[in-house]
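Only one structure is covered here, and it is reproduced in the block below.
Per chain, numbering begins at 1; letters A, B, ... match sequence-line order.
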Amino acid sequence: MVPAGFSKRHYLTIMSAILKNEPGTGAQFAQEAINQTLEPSDKVRFLRDMVRIRNFEERSNKAYSQGRIGGFLHLYIGQESVAISAASLMGPNDHMITAYRDHGHALAVGMSMNECMAELYGKATGCSKGKGGSMHYFAPDKNFWGGHGIVGGQTPLGLGIAFALKYQGKTGSCLCFLGDGAVNQGAFHESLNLASLWDIPVIYVIENNGYSMGTSQARSSAYPEYLAKRAEGYNMAWDVFNGWDVYELRAGFHRAMHRAHTESRPTIVEIATYRYRGHSVADANSKVYRTKEEIEQYENLFDPITRWKNTLINEGVITEEDYRQLNHEALQEAEAAAQFAEQSPWPTEADITADVYHEVDHQTESGLTGKHFFND
Amino acid sequence: MSRQIDYRTAIREALAEEIERDPNVFIIGEEVAQYNGAYKVTQGLWAKYGDKRVIDAPISEAGFIGMGVGASMLGLRPVMELMFWSFAYVAFDQMINNAATVRYMSGGLLHCPIVVRGPANGGTNVGATHSHTPENLFGNMPGLKVVCPATAYDAKGLMKTAIRDNDPVYVMENTKLYGELWDVPEGEYTIPLGVADVKRSGSDLTLVAHGRAVITCLKAAELLEAEHDIKAEVVDLRSIRPLDEQTILDSVRKTHRVVVVEENKPFCGVGAQITAMIQEKAFDDLDAPVARVSAIDAPAIYSPRLEEVQLPRPMDVVTKALSIC
Ligand SMILES: Cc1ncc(C[n+]2csc(CCOP(=O)(O)OP(=O)(O)O)c2C)c(N)n1
Ligand SMILES: [Mg+2]
């Protein structure tokens with residue numbers, strides 16, 4: 001019954017919604033206060049943000065296949081609603097950090113397509129001057145702290161960001177994203193214990209897309225239930241919600257952020273979502289560990305962009321024509337970003353040893369004593 | 001005002017002064033607060049500065065060190081104690097993949113002003129798991145700084161600089177030195193990283209060392225002078241990265257003979273780096289091959305009798321020196 005790839009739980013969550021054919025699941029969440037205060041322009045912005053992420057990634061995918069981009073390219077296509085919903089709730093003291101599948105989060109917090117695309121091309125105009133690549137985007141001015149390539153390695157950092165907020169007496173939170181595979185890393189469990197022990201306002205967001213590379217949750221987690229329920233072992237709150245409806249996502253994130261803001265308590269939230277593409281673009285097995293039908297089924301019934309578009313049409317906020325226009329603009333923006341990246345200069349050889357040490361870059365007294373680099 | 005305090009007290013003074021100077025500085029580690037520190041370096045600090053500035057962490061090095069790295073990105077200055085540097089390995093990912101690279105991978109948008117400190121030494125009969133000296137491992141990583149003080153004076157001045165530094169600085173202390181008394185002036189002073197110190201001057205031979213090997217070299221120098229009329233100069237690196245190559249080269253050009261001494265293992269050790277540097281930059285000044293003395297190349301042995309043999313002793317340095325003089 002359950003396809004080999006899916007964990008039973010993940011499959012059942014998705015399938016029960018399919019069977020109940022509940023395009024309106026969002027309706028109940030639309031009534032929540034956090035969604036009632038939305039202006040039509042906010043709702044359109046959410047749609048635009050998702051469409052921009054998808055167009056950016058489709059364009060980057062094209063550049064990758066043309067050999068313009070090196071290394072890995074982990075596409076977020078299918079999961080866009082998660083990042084934009086979280087970002088839509090962030091105030092000045094709310095922060096975000098994630099793993100290597102980070103393009104969606106970066107654009108959601110307001111990084112530009114140009115700097116993100118140029119980073120993929122390895123150009124000097126990239127957000128990290130071409131030093132980080134796809135997996136390592138950063139924008140501290142937008143409270144976005146990466147972009148981390150080691151599975152689970154960002155989880156203590158997210159804890160530390162939230163710790164710093166508390167230390168500085170700020171009411172805020174850190175949304176720390178991770179995958180369903182990352183929950184098995186030790187550093188994550190150490191972070192959970194410390195977060196709960198010390199009342200740290202961190203929110204661990206498990207984007208459960210069913211797979212860690214080619215390994216399903218059923219084959220990676222000994223615990224058969226919700227991954228978030230592991231929180232109980234750390235006396236921590238947890239929550240699970242669907243990842244395809246912006247209203248539901250916002251309501252869920254709001255509950256966790258409210259807990260962080262008012263009680264300084266951590267939460268694990270688990271979100272059922274799905275990635276349409278391979279683990280990375282270079283994932284030759286992307287249709288081997290799961291069926292084509294599984295991918296199509298999700299895409300047809302749960303695509304977050306299609307669903308949000310339909311919600312907005314039903315609400316009379318936009319028309320099909322508005323959507324086409326929006327999509328067209330995003331397509332053009334992505335194309336322009338690719339051109340920008342294409343025409344941007346490469347970093348210079350001297351740039352290789354810049355940005356290693358703060359003190360050296362700033363030529364402080366401390367940066368001038370002793371040898372920091374050893375090629376000569 | 002001249003006075004004598006021990007190495008552990010000198011570090012404690014540095015920590016206390018920096019806590020008072022900068023509200024972003026705090027100490028975190030296992031048993032650092034209520035227990036007063038496994039080696040009493042932080043004794044009394046919790047009583048004086050309270051829960052916010054001196055924090056007891058559970059046994060969770062990857063967790064609390066990673067947390068410190070994250071907190072430093074927002075401007076805090078955590079000073080994190082490892083009960084032993086040997087325990088760094090369970091936090092390796094945080095200390096290398098995160099601390100050493102976030103600045104680079106963000107194209108300089110972030111920096112990571114952390115200090116990780118604690119003892120890194122053998123010689124206390126606690127077996128291989130508790131006797132690692134990883135200055136070469138961490139020194140290998142661009143983005144990190146590594147400091148190995150030999151005296152109380154250096155320990156205090158270097159620690160204060162490390163805390164004020166805007167890059168990750170890993171300070172490797174030594175339990176066998178914690179109780180040693182040294183002249184330390186009253187009041188504030190700092191010592192820059194990357195500046196070596198000539199601990200004894202001489203004309204016939206240069207001994208290059210860091211950490212407790214400096215003390216071993218000072219004893220060896222006395223023996224060489226008393227028994228063989230050889231005047232050895234002792235260069236204390238103090239800081240491994242950044243490294244003061246100039247002071248080493250100046251000494252070599254004066255003495256023409258060098259022994260590089262370390263308590264670490266020989267393969268890819270700090271001594272290997274320095275030896276390569278000397279042969280490349282001062283080849284014509286050498287009257288003999290550069291010699292090395294390191295720990296005997298095996299995991300640290302427990303047996304008290306033999307562990308003493310495994311680590312460089314003054315006599316080992318003398319023997320090696322005589323072989324090139
Ligand atoms: C410590 C570590 N081990 C392995 C990898 C290789 N790797 C990168 S992503 C990945 C799968 C992670 O899956 P998941 O956490 O579910 O996130 P998703 O890719 O689905 O977003 C693996 C095995 C890595 N980057 N880091
Ligand atoms: Mg996954």
[atom1]/[X] to [atom2]/[Y] distance, rounded to the nearest 0.5 angstrom?
X: B:Leu110; Y: A:Asp355; atom1: CG; atom2: CG; answer: 10.5 Å
X: A:His148; Y: B:Asn97; atom1: NE2; atom2: CG; answer: 11.0 Å
X: A:Lys129; Y: B:Leu109; atom1: NZ; atom2: CG; answer: 7.0 Å
X: A:Glu365; Y: B:Arg164; atom1: CD; atom2: CZ; answer: 11.0 Å
X: B:Arg241; Y: A:His372; atom1: CZ; atom2: NE2; answer: 8.5 Å
X: A:Phe138; Y: B:Met105; atom1: CZ; atom2: CE; answer: 5.0 Å

Between [X] and chain A, which part of the residue has a heavy atom less than 4.5 Å away: side chain, backbone, both or neither?
X: B:Ile65; value: neither
X: B:Asn98; value: side chain
X: B:Pro78; value: neither
X: B:Ala91; value: neither
X: B:Val69; value: both
X: B:Glu280; value: neither
X: B:Ile59; value: neither
X: B:Asn166; value: both

With side chains defined as the heavy atoms from C-beta onward, is the minimum distance between [X] and [Y] less than 4.5 Å?
X: B:Leu243; Y: A:Phe374; value: yes
X: A:Lys371; Y: B:Asp244; value: no
X: B:Ser60; Y: A:Asn193; value: no

Check this for me: B:Phe92, atom CZ, are more than 12 non-hydrogen atoms of other residues, nucleotides or ligands nearer than 6.0 Å? yes

Check whether more than 12 heavy atoms from other residues, nucleotides or ligands sit under 6.0 Å from atom CZ of A:Phe373, and answer yes or no. yes

Could you walk me through whether B:Ile55 and A:Phe163 pass the side-chain contact (heavy atoms from CB on, under 4.5 Å) test, one step at a time? CA-CA 12 Å; B:Ile55 304 171; A:Phe163 174 91; 3.7 Å; yes

For [X] and [Y], work out which heavy atoms get closest and say how close.
X: B:Asp167; Y: A:Glu359; answer: OD2-N, 3.2 Å
X: A:Val356; Y: B:Arg103; answer: O-CD, 3.7 Å
X: A:Trp198; Y: B:Ile28; answer: CH2-CD1, 3.8 Å
X: B:Gln94; Y: A:Gly153; answer: NE2-O, 3.1 Å
X: A:Pro156; Y: B:Gly63; answer: CB-O, 3.9 Å
X: B:Gly107; Y: A:Lys131; answer: CA-CD, 4.3 Å

I need the residue from [options] with the largest number of non-hydrogen atom pairs under 4.5 Å to chain A.
options: B:Pro58, B:Pro192, B:Gly75, B:Pro168; answer: B:Pro58
options: B:Thr101, B:Leu193, B:Thr247; answer: B:Leu193
options: B:Ala196, B:Pro142, B:Cys112; answer: B:Pro142
options: B:Gly143, B:Gly108, B:Ser239; answer: B:Gly143

Contact class of [X] relative to chain B, heavy atoms under 4.5 angstrom:
X: A:Ala162; value: neither
X: A:Asp141; value: neither
X: A:Ile200; value: neither
X: A:His189; value: neither
X: A:Leu194; value: side chain
X: A:Ile150; value: side chain

Checking side-chain contact (heavy atoms from CB on, under 4.5 Å) for the pair B:Met73/A:Ile161: CA distance, chi angles, key distance, verdict? CA-CA 7 Å; B:Met73 302 189 314; A:Ile161 291 162; 3.8 Å; yes

Would the A:Tyr357 and B:Tyr104 ring centres measure less than 6.0 Å apart? no

Checking A:Trp145 against B:Leu74 for the side-chain contact (heavy atoms from CB on, under 4.5 Å) test, could you report, in this order, the C-alpha distance in whole Å, the side-chain angles of both residues, the deciding distance, and whether it holds? CA-CA 10 Å; A:Trp145 302 94; B:Leu74 263 70; 3.4 Å; yes

Scored by heavy-atom pairs under 4.5 Å with chain B, the best of A:Gly370, A:Gly160, A:Gly147 is A:Gly160

